[in-house]
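First listed ligand is number 1; within each ligand, the first listed atom is number 1.
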Amino acid sequence: MASIQIINGPNLNMLGVREPGIYGNCSFESYLESLRQRFPDVSFDYFQSNTEGCLIDKIQEAGFSHDGIILNAGAYTHTSIALQDAIRSIKAPVIEVHLSNVFQREEFRHHSFLSPVCMGVICGFGMDSYRLATEALLEKIS
Ligand code: DQA
């Protein structure tokens, strides 16, 4: 059974409430339920934190215990060299995801410190970005 760690960063605990015009009306917990049903042979673990250090701790841990990581680092994507270093340090491949198409938004969202060290990037498909990332990871690790 493939094991995938999903990690969501700051403000993504507010999905369903936060700017629904951009991020939709669904909480991540209820979306995760449908993801688990769609991929019964995948073991998904989910972690969310608003704190950069906690995200680093989780990347370091999951990077040696899971087959792959799906990471939506929220705004830390655009600011965090420390998250880049954490991704560089681990064994598991990481896919960077975003719900919104960051390239259609403010210019400060166009740069990612994480993309150069991730296996790939999926953005702009809402929650479906996580399903697409799962498919991509399964191709890579199977
Ligand atoms: C986001 C895009 C980021 O720019 C933003 O700061 C977020 C969410 C997304 O999923 O679209 O918090 O990562």
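- Residue-level proximity to ligand 1 for M14 is absent, since no heavy atom of it falls below 4.0 angstrom.
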What's the verdict on salt bridge (Lys or Arg N to Asp or Glu O under 4.0 Å) for E33 and R36, showing C-alpha distance, side-chain angles and the deciding distance?
CA-CA 5 Å; E33 202 55 47; R36 287 190 166 123; 5.1 Å; no
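- Atom 9 (C) of ligand 1 has L99 N, 3.4 Å as its closest protein atom, hydrogens excluded (heavy atom only).
- Under the side chain to side chain donor-acceptor pair (under 3.5 Å) test applied with E106, the options Q104, R109, H110 reduce to a single match, R109.
- The N/O atoms of S100, backbone and side chain alike, include one that comes under 3.5 Å of an N/O atom in ligand 1.
- No N or O atom of L12 sits closer than 3.5 Å to an N or O atom of ligand 1.
- Of the candidates R109, M127, R105, the one placing a heavy atom closest to atom 5 (C) of ligand 1 is R109.
- Nearest heavy atoms, R88 versus V117: CG-CG1, 3.7 Å.
- Residue N11 places no heavy atom under 4.0 Å from ligand 1.
- Counting all heavy atoms, side chain and backbone alike, C54 lies closest to S49 at CB-OG, 3.3 Å.
- Looking only at protein heavy atoms, the nearest one to atom 8 (C) of ligand 1 is Y23 OH, 3.4 Å.
- Contacts of V97 with ligand 1, taken as heavy-atom pairs under 4.0 Å, are absent altogether.
- Looking at atom 1 (C) of ligand 1, its nearest protein heavy atom turns out to be H98 ND1, 3.6 Å.
- The shortest N or O to N or O distance between A75 and ligand 1 is under 3.5 Å.
- When the shell of 6.0 Å around OH of Y31 is examined, it contains more than 12 heavy atoms from other residues, nucleotides or ligands.
- Note on V102: it does not cluster hydrophobically with F113, by side-chain heavy-atom contacts below 4.5 Å among ILVMFWY residues.
- At a cut-off of 3.5 Å, with distance as the only test, no side-chain donor of T77 or E96 sits close to an acceptor on the other residue.
- Contact atoms of ligand 1 toward H78: 3 (C), 4 (O) (distance under 4.0 Å to a heavy atom of the residue).
- I122 contributes atom CD1, which lies 9.0 Å from atom CZ of R131 (distance to the nearest 0.5 angstrom).
- The shortest distance between side-chain heavy atoms of S27 and L15 does not fall below 4.5 Å.
- Applying the 4.0 Å criterion to heavy atoms of R18 picks out, from ligand 1, the atoms 7 (C), 12 (O).
- Residue-ligand proximity: T77 is placed with every non-hydrogen atom at 4.0 Å or more from ligand 1.
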